[in-house]
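Source: prediction; values computed, not measured. Throughout, a chain's letter reflects where its sequence line sits, starting with A, and its residues are numbered from 1.
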Number of protein chains: 2
Amino acid sequence: MSAEERRESVIRAAMSEFSRGGYYGTSTEAIAKRVGVSQPYLFRLFPGKKAIFLAAAERCLEDSVRTFEKASEGLHGEAALHAMADAYTKVIAEEPERLLMQMQMYVAVAAAEQAGDHELGEAVRAGWMRLWDTVHLPLGADIDQTTDFMAYGMLINCLVAMGFAPRHRVWEGLYPAARSKGRLEH
Amino acid sequence: MSAEERRESVIRAAMSEFSRGGYYGTSTEAIAKRVGVSQPYLFRLFPGKKAIFLAAAERCLEDSVRTFEKASEGLHGEAALHAMADAYTKVIAEEPERLLMQMQMYVAVAAAEQAGDHELGEAVRAGWMRLWDTVHLPLGADIDQTTDFMAYGMLINCLVAMGFAPRHRVWEGLYPAARSKGRLEH
DNA sequence: CCCTGAAGTTAGTACTCAATCACTAACCAA
DNA sequence: TTGGTTAGTGATTGAGTACTAACTTCAGGG
C-alpha cells in the first residue's frame with residue numbers, strides 16, 4: 001500500500017479512536033492497531049501525534065461540510081433546512097463517532113490554545129466557518145436561522161455524548177431531529 | 001485544615017484543571033499542586049482519580065443549577081428567560097472554565113460509557129435533568145423554549161471552547177448572550 | 001507526660017506512552 | 001548484478017503517571 005493510502009487509513013482510524021478517548025486518552029498504539037500497522041510506522045507517515053489529531057479534526061469538519069452540501073444541493077429555504085436536518089439525523093444514527101469527534105475537537109482546541117499552540121485552533125475555527133457558511137447560504141443567508149440550526153446541532157452532539165436514550169424526554173423539543181432519531185435509532 | 005475542607009478545595013482545583021485538559025490530560029499532580037498539597041494525599045481524600053473527576057462534574061452541574069435558580073427566583077416567562085440568559089452571560093465572561101468543564105464532562109461520559117463504566121454517565125444525566133427542569137419551570141414548562149435555551153447554551157459552550165473572539169460574526173445570531181458577551185468580555 | 005488520631009509527607013513501584021534508531025524485505029531501473 | 005528507493009518492523013528509551021506504604025508532625029485529652 002502506498003504511503004498516501006496508508007495516511008488515509010490512519011486518518012480514518014484516528015477519527016474513530018480519538019472520538020472515544022480524545023487526544024490524551026488515545027494512544028498511538030491504538031491507532032496503529034486499528035490500521036494494522038506497527039506503532040513506529042505512524043511516525044513515518046506523520047510528524048507526530050498532534051499532526052494525526054489535526055488531520056483527523058480537519059477531515060471531520062470536511063465530512064460535515066460535504067454532508068450538508070450534498071443534502072442541500074439545489075434546495076433553498078425550508079426545503080434545504082429539512083434536507084440538512086434529515087442528513088444530520090442520519091449521521092446521528094449511523095456515525096455517532098463523528099459527533100463525538102467534533103466534541104473532542106472543541107475541547108482539544110481549548111486545551112491547545114491555553115498551552116500557547118494556536119495551530120489546531122486556527123484550523124478548527126476555519127473549518128467551522130466553512131461549515132457555518134455551508135449551512136448559511138441554503139438557508140437564505142438568514143443569520144438567526146443558521147444560528148438556530150447550529151445550536152440544535154450542538155445540543156444534539158452533547159445529548160449523544162451524554163448517552164441519553166433516543167426516547168428520553170430531553171429529545172422531545174428537538175424537531176425534526178428528535179422524531180427522526182426515535183425512528184432511526186433502535 | 002479539616003479533611004472535609006480539603007476535599008472541597010480539591011474539587012475546586014480539579015474543576016479548573018480538568019476543564020483545561022479533560023480527564024486523561026490532567027494529572028493528579030497538577031491538581032495537588034493547585035491545592036497546595038502533596039499528590040499522594042489526594043488518594044486519602046478520594047478513592048481515586050475517577051472519584052475526583054466525578055465530584056468535579058457533579059459540582060459543575062450543581063453550580064449551573066444554582067446559577068439559574070438564583071437568576072430566575074420569583075420570575076416567570078420572558079422575564080425569567082432574560083434573567084437566566086444574563087446570568088449565563090456573566091458565567092461566559094467570568095468563569096469560562098465552567099463551560100469547558102461541562103464539555104469535558106460530556107466527552108468523558110461518552111468514553112466511560114463505551115468502556116462499560118456507567119457511574120459517571122448516570123450522575124451526569126441526572127444532573128443534566130435537574131438542570132433542564134430548573135430551566136423548564138420558570139419558562140412556563142414550555143418544552144420548545146427550554147430546548148432552545150439549552151441549545152443556545154451548548155452552542156455558546158462550543159464557541160467558547162473553540163476560542164472564537166467575542167466580536168466574531170459567529171456570535172451575531174446569539175441573542176441576548178452575544179451582545180452581552182461583546183460588552184462584558186474585553 | 002504520654003497517648004491517640006488526624007493531617008500530611010517522602011520514597012518508591014509498576015506501568016504506559018510517544019518518539020527514535022537500526023534494521024529487513026520487496027521492488028525497480030541501469 | 002548492483003545501487004537506490006519505499007514500505008515496514010522490533011527493540012528500546014526516557015519521561016510521566018496513578019497509586020501504595022511507611023513515616024512524621026502535632027494538637028488535645030486524661
Side-chain angles (χ1 to χ4, degrees), chain A residues 1-57 101 104-105 107-109 111-112 114-117 119-120, chain B residues 1-57 104-105 107-108 111-112 114-117 119-120:
Chain A
M1 192 180 289
S2 81
E4 209 43 60
E5 287 170 316
R6 274 288 187 222
R7 250 184 288 267
E8 188 57 32
S9 55
V10 167
I11 290 175
R12 290 293 165 195
M15 283 174 66
S16 248
E17 293 294 328
F18 280 130
S19 79
R20 278 165 170 68
Y23 181 76
Y24 295 106
T26 300
S27 67
T28 54
E29 201 183 347
I31 298 170
K33 254 193 189 125
R34 186 177 276 259
V35 177
V37 94
S38 71
Q39 179 259 354
Y41 188 52
L42 294 186
F43 294 87
R44 225 167 259 207
L45 299 171
F46 293 88
K49 190 186 179 183
K50 282 207 292 194
I52 300 178
F53 187 85
L54 178 62
M101 183 64 205
Q104 298 287 6
M105 212 170 67
V107 301
V109 167
Q114 266 169 350
D117 180 5
E119 196 187 357
L120 179 66
Chain B
M1 193 182 287
S2 81
E4 208 43 61
E5 287 170 315
R6 274 289 187 222
R7 250 184 288 265
E8 188 58 30
S9 54
V10 167
I11 290 175
R12 290 295 165 193
M15 284 175 65
S16 248
E17 293 295 328
F18 281 130
S19 78
R20 278 165 170 68
Y23 181 75
Y24 294 107
T26 301
S27 67
T28 55
E29 200 183 348
I31 298 171
K33 254 193 190 125
R34 186 177 276 260
V35 177
V37 95
S38 72
Q39 179 260 353
Y41 187 51
L42 294 186
F43 295 89
R44 208 159 279 198
L45 299 171
F46 293 88
K49 190 184 179 183
K50 282 208 292 195
I52 300 178
F53 188 86
L54 178 63
Q104 298 287 5
M105 211 171 68
V107 301
Q114 265 168 350
D117 180 4
E119 196 187 357
L120 179 66

*Check whether any side-chain N or O of B:Ser9 sits under 3.5 Å from a backbone N or O of B:Arg6 as a donor-acceptor pair, and report yes or no.*
yes
*If the plane angle is over 60° it's perpendicular, under 30° parallel, otherwise tilted; pick one for B:Tyr23 and B:Phe18.*
parallel
*Gap between atoms CD and C1', on B:Glu5 and C:dG8 respectively (whole Å)*: 15 Å
*How close or far is atom C1' of D:dG8 from atom CZ of A:Arg6, stated in whole angstroms?*
9 Å
_In whole Å, I'd like the distance from the OH atom of A:Tyr41 to the P atom of D:dG8._
4 Å
_Rounded to whole Å, how long is the line connecting atom CG of B:Leu42 with atom P of C:dA7?_
14 Å
_Backbone N/O of B:Ala111 and side chain of B:Gln114: donor-acceptor pair under 3.5 Å_ = no
*asked:* Rounded to whole Å, please give me the gap between CG in A:Leu45 and P in D:dA7.
replied: 9 Å
*Measure the distance from CE on B:Met1 to P on C:dA6 and round it to the nearest whole Å.*
18 Å
*Contact letters for nucleotides 14-28 of chain C, in which S counts primed atoms plus P, OP1 and OP2 and B counts the base, heavy atoms under 4.0 Å*: ---SBBB-B------
_What I want to check is whether the side chains of B:Gln39 and B:Thr28 have a donor and an acceptor closer together than 3.5 Å._
yes
*asked:* I'd like to know if the side chain of B:Glu17 reaches the main chain of B:Ala14, judged simply by a donor and an acceptor atom lying under 3.5 Å from each other, with no hydrogens or angles considered.
replied: no
_Using only atom types and a distance under 3.5 Å, with no angle test, would you say the side chain of B:Lys50 pairs donor to acceptor with the backbone of B:Leu120?_
no
